[in-house]
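First the structure, in the form of structure tokens, and then the observations on it.
Just so we're on the same page: letters track the sequence lines, and every chain starts at 1. Note that the structure is predicted; figures quoted are calculated from it, not measured.
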Amino acid sequence: MSSLLQNCLRLASPPVFFAFSGKLVRMLTPLAALLLLAGTAAALFIVPTDVQQGEVYRVLYVHVPAAWMSMLIYVVAAGYALLHWLFRTSVSAVMLRALLPTGAWMTVLALVTGSLWGKPTWGTYWVWDARLTTELLLLFIYLGLIALASLVEDESKTDRVLSLFTLVGLVNIPLIYFSVVFWNTLHQGASLGAPGAARMAGEMKITLLLCTFGLWIACAALVLVRARWLLAEREQEAAWAKKDCIKELA
Amino acid sequence: MSAMTTVWVCFFITLAVLAVDAASVLRRKRKTMEKLRTLWSES
């Protein structure tokens with residue numbers, strides 16, 4: 001247990017993080033491609049048609065993973081924000097910055113696919129429903145944080161402010177997740193896990209998990225590549241950066 | 001729009017979103033590499 005903790009702590013060191021994330025990205029990229037391909041093939045061609053919604057329910061296999069990812073990425077970003085607030089490490093700052101664009105894209109994806117799914121099932125692309133409105137608010141929070149990250153020249157000062165605002169924005173995540181419980185909404189309840197969640201057939205559940213893990217791993221790979229090069233740029237004066245990056249510059 | 005068209009559109013949008021994000025990541029990588037190459041070739 002202590003060695004696991006020590007290994008995690010070692011990842012706060014920029015050269016260790018740069019080397020480890022490089023190896024991780026090389027493993028994650030083909031795995032993400034494989035899972036997404038298998039998930040997409042299963043979602044489009046293998047899983048049976050839903051008895052109530054017909055074919056259109058297949059949007060679930062992109063909408064639900066994207067919506068989960070939009071929230072998960074924010075929670076992870078808030079974790080790095082807390083780490084940065086407490087320890088002020090470069091790695092936590094670049095991870096926070098690297099997570100935001102991917103999180104924003106996942107939120108856009110959840111909103112757009114949800115909207116396209118809403119038209120045939122609810123009869124409208126958009127309603128000011130609690131779930132939809134809080135998810136839209138999440139997009140605005142992401143966009144605000146991305147703007148904040150790029151506005152100020154002094155990175156160390158911006159990192160502190162960015163951490164603080166990211167932590168404040170975290171309050172929206174339970175509001176999104178529990179919006180279908182707290183309020184009467186048009187949006188359906190939890191898809192998996194929660195008490196009273198819709199029961200899914202085994203092959204549908206497996207396909208949903210394939211798509212979710214595929215998207216999760218793809219997002220992780222994208223975030224790690226972005227973080228590595230943000231870190232290299234930030235640490236350009238450090239001896240390790242020249243030594244480790246020079247191999248990849250060749 | 002038919003049900004299957006909606007489904008295909010959603011899958012293509014997902015692919016497009018991942019491609020756009022990947023392109024922005026690769027652009028960031030290329031810009032940083034150029035910057036570092038210039039900086040270190042000068043020093």
**OP:** Would you check if Arg228(A) and Lys29(B) make a side-chain contact, meaning some heavy-atom pair closer than 4.5 Å?
**Re:** no
With rounding to the nearest 0.5 Å, note down the distance linking [atom1] in [X] to [atom2] in [Y].
X: Thr49(A); Y: Met4(B); atom1: OG1; atom2: CE; result: 8.5 Å
X: Arg30(B); Y: Trp229(A); atom1: CZ; atom2: CH2; result: 13.0 Å
X: Gln236(A); Y: Leu36(B); atom1: CD; atom2: CG; result: 6.0 Å
X: Phe11(B); Y: Leu44(A); atom1: CZ; atom2: CG; result: 4.5 Å
X: Arg58(A); Y: Trp8(B); atom1: CZ; atom2: CH2; result: 10.5 Å

Original post:
Side chain, backbone, both or neither: which part of Val225(A) has a heavy atom under 4.5 Å from chain B?
Top reply: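 For Val225(A), heavy atoms of backbone and side chain both lie under 4.5 Å from chain B.
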Original post:
Can Ser24(B) and Arg226(A) be counted as having a side-chain donor-acceptor contact under 3.5 angstrom?
Top reply: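 Arg226(A) and Ser24(B) do have a side-chain donor-acceptor pair below 3.5 Å.
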**OP:** List in chain and number order the residues that pass side-chain hydrogen bond (donor to acceptor under 3.5 Å, both in side chains) with Ser115(A), two or more places apart in sequence or in another chain; answer none if no residue qualifies.
**Re:**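 Partners of Ser115(A) under the side-chain hydrogen bond (donor to acceptor under 3.5 Å, both in side chains) test: none.
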**OP:** State which residues pass side-chain hydrogen bond (donor to acceptor under 3.5 Å, both in side chains) with Ser13(A); sequence neighbours excluded, sorted by chain then number.
**Re:** none
Original post:
Does OH in Tyr80(A) sit with more than 12 non-hydrogen atoms of other residues, nucleotides or ligands closer than 6.0 Å?
Top reply: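 Count not over threshold, so no.
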Original post:
Is the CH2 atom of Trp216(A) crowded by more than 12 outside heavy atoms at less than 6.0 Å?
Top reply: no
**OP:** Show the numbers, then the answer: is there a salt bridge (charged side-chain N to carboxylate O under 4.0 Å, His left out) between Glu233(A) and Lys31(B)?
**Re:** CA-CA 10 Å; Glu233(A) 193 173 357; Lys31(B) 272 174 69 178; over 6 Å; no
Subject >> side chain to side chain contact (heavy atoms under 4.5 Å, CB included) partner of Met106(A), chosen from Thr14(B), Leu18(B), Asp21(B) >> reply: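 Looking at Thr14(B), Leu18(B), Asp21(B), the match for Met106(A) under the side chain to side chain contact (heavy atoms under 4.5 Å, CB included) is Leu18(B).
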**OP:** Could you have a look at Val108(A), Leu116(A), Val223(A) and say which one has the most heavy-atom pairs with chain B under 4.5 angstrom?
**Re:**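 That would be Leu116(A).
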